[in-house]
Amino acid sequence: MTTTPRRPRVGYLVDVQNDFMRAALPGGRLYVRHLQDPDDAGAEQIIPTLARLARWMYARCDAVILSGDWHGPEDAEIDVAAPDFRTTYPPHCMGRSTDAAECAGAALIPEVTPPHGSIVLEWNATPQTAAGVAAEAIERGVPVFVQKTQFSVWTGN
C-alpha cells in the first residue's frame, strides 16, 4: 500500500495588530468594527479565537506567515486630512514613526505573538533579501513577519 505524502501546511495571519484589534491604547487608531452598529463589539471579540488559531498554527504548520501594515507618514495609503477609506486611511500601524505610541499600534497583539520569536521581512526588502529571510525561517522553524505598506497582502513587498 502506498501513502500519499502529506502536503506542507502553511498558516497565514493578516493584520492582527493593536491599531486594528484594540479599541483603546495601545492601538485603536483604525479599530475594526461595524460602523453602522453602535453596539458592535468589534475585533476584540474574536481575539480569543485568533489566539487559539495562532497556537494551532505554531504547533502544526510547516511555515507561518504574519503580515501587518508598517507605515510611515509618506506612504500613499496614509492621508491625515481627508482619507476616503477605500484607497487612503488615517494614520495607523505607524511602525516607521519615531513616536513610540504610534509604533505600539503597529505591534502584533500579544495573543498571537509567536512564542519563539519570528524573523522580520522589512517593508523595503529586496527580492534577494526576501529569499534569504524565507530560507532562514524554514531552517530555524520560526514564523516570518512581513511588514507591508499597502492594503493588499499580495502587492508591495
Side-chain angles (χ1 to χ4, degrees), residues 10-59 61 63-127 129-130 132-134 136-137 140 142-157:
V10 177
Y12 203 135
L13 286 172
V14 179
D15 293 347
V16 285
Q17 297 163 274
N18 286 322
D19 270 349
F20 297 129
M21 301 299 301
R22 300 278 185 219
L25 296 175
R29 295 183 72 172
L30 200 54
Y31 183 60
V32 176
R33 65 178 180 83
H34 191 296
L35 296 177
Q36 280 74 48
D37 182 357
D39 297 324
D40 180 43
E44 287 184 329
Q45 65 189 326
I46 67 166
I47 290 175
T49 302
L50 289 171
R52 284 192 308 277
L53 174 64
R55 286 191 304 270
W56 185 91
M57 287 192 307
Y58 296 141
C61 289
V64 177
I65 302 162
L66 305 142
S67 66
D69 285 15
W70 205 259
H71 292 299
E74 71 282 359
D75 287 350
E77 183 175 294
I78 302 300
D79 187 338
V80 176
D84 64 19
F85 291 91
R86 287 182 190 86
T87 59
T88 60
Y89 304 88
H92 64 281
C93 299
M94 302 298 286
R96 299 191 330 263
S97 173
T98 57
D99 181 321
E102 283 188 336
C103 287
L108 292 172
I109 59 172
E111 294 85 351
V112 302
T113 301
H116 303 292
S118 63
I119 298 173
V120 174
L121 178 61
E122 294 188 3
W123 64 277
N124 59 353
T126 65
T129 301
V133 166
E136 183 181 352
R140 290 179 42 201
V142 297
V144 173
F145 178 74
V146 178
Q147 297 174 343
K148 63 186 183 70
T149 60
Q150 298 179 21
F151 180 81
S152 172
V153 298
W154 310 114
T155 58
N157 61 332

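Computed from heavy atoms alone, side chains included, the values below leave out hydrogens, waters and symmetry copies.
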In the structure I gave you, are the side-chain heavy atoms of V144 and L66 within less than 4.5 Å of one another anywhere?
no
For a 4.5 angstrom cut-off between non-hydrogen side-chain atoms, does I78 reach P91?
yes
Kindly determine whether K148 and D15 satisfy side-chain contact (heavy atoms from CB on, under 4.5 Å), including the steps that lead there.
CA-CA 10 Å; K148 63 186 183 70; D15 293 347; 3.1 Å; yes
Pair S67-V14, side-chain contact (heavy atoms from CB on, under 4.5 Å): steps then yes or no
CA-CA 5 Å; S67 66; V14 179; 3.8 Å; yes
Residue pair L13 / L53: nearest heavy atoms and the distance that separates them:
CD2-CD2, 3.9 Å
Taking every heavy atom of Q150 against every heavy atom of D69, the minimum-distance pair comes out as O-OD1, 4.2 Å
Side-chain touch D19/M94, heavy atoms, less than 4.5 angstrom
no
All heavy atoms of P26 vs all of A104, minimum pair found to be CB-CB, 3.9 Å
Donor-acceptor pair, side chain of E44 and main chain of A23, under 3.5 angstrom
yes
For L108 and M21: C-alpha separation, side-chain torsions, deciding distance, then whether side-chain contact (heavy atoms from CB on, under 4.5 Å) applies.
CA-CA 9 Å; L108 292 172; M21 301 299 301; over 6 Å; no
Applying side chain to side chain donor-acceptor pair (under 3.5 Å), can you list everything that pairs with T98, at least two apart in sequence or on another chain?
none
Student check: side-chain heavy atoms of F85 and L30 closer than 4.5 Å:
yes
Measure the shortest side-chain to side-chain distance between E74 and R96 over non-hydrogen atoms and say whether it is less than 4.5 angstrom.
yes
Looking at Q147 and W70, what are the two nearest heavy atoms and their distance?
NE2-CE2, 3.3 Å
For D40 and R33, indicate whether the former's side chain and the latter's backbone hold a donor-acceptor pair under 3.5 Å.
no
Can you tell me how far apart CD1 (I119) and CD (E136) are? Round to the nearest 0.5 Å.
3.5 Å
Considering only heavy atoms from C-beta outward, does the side chain of D79 approach that of D84 to under 4.5 Å?
no
State, yes or no, whether a side-chain contact exists between I65 and L121 at a heavy-atom distance under 4.5 Å.
no
Nearest non-hydrogen partners of G11 and C61, listed with the distance:
N-SG, 3.6 Å
R29 side chain reached by E102 side chain, heavy atoms, under 4.5 Å:
yes
For P90, does its backbone N or O pair with a side-chain atom of H92 as donor and acceptor, under 3.5 Å?
yes
Tell me the closest heavy-atom pair linking C93 and G105, and the distance in Å.
SG-O, 3.9 Å
Within the side chain of Y58, is there an N or O that forms a donor-acceptor pair under 3.5 Å with the backbone of P143?
no
Rounded to the nearest 0.5 Å, what separates atom CD in E77 from atom OG1 in T87?
8.5 Å
Nearest 0.5 angstrom please: R52 CZ to E111 CD, how far?
12.0 Å
Exam field: side chain Y31 to backbone A43, donor-acceptor pair closer than 3.5 Å:
yes
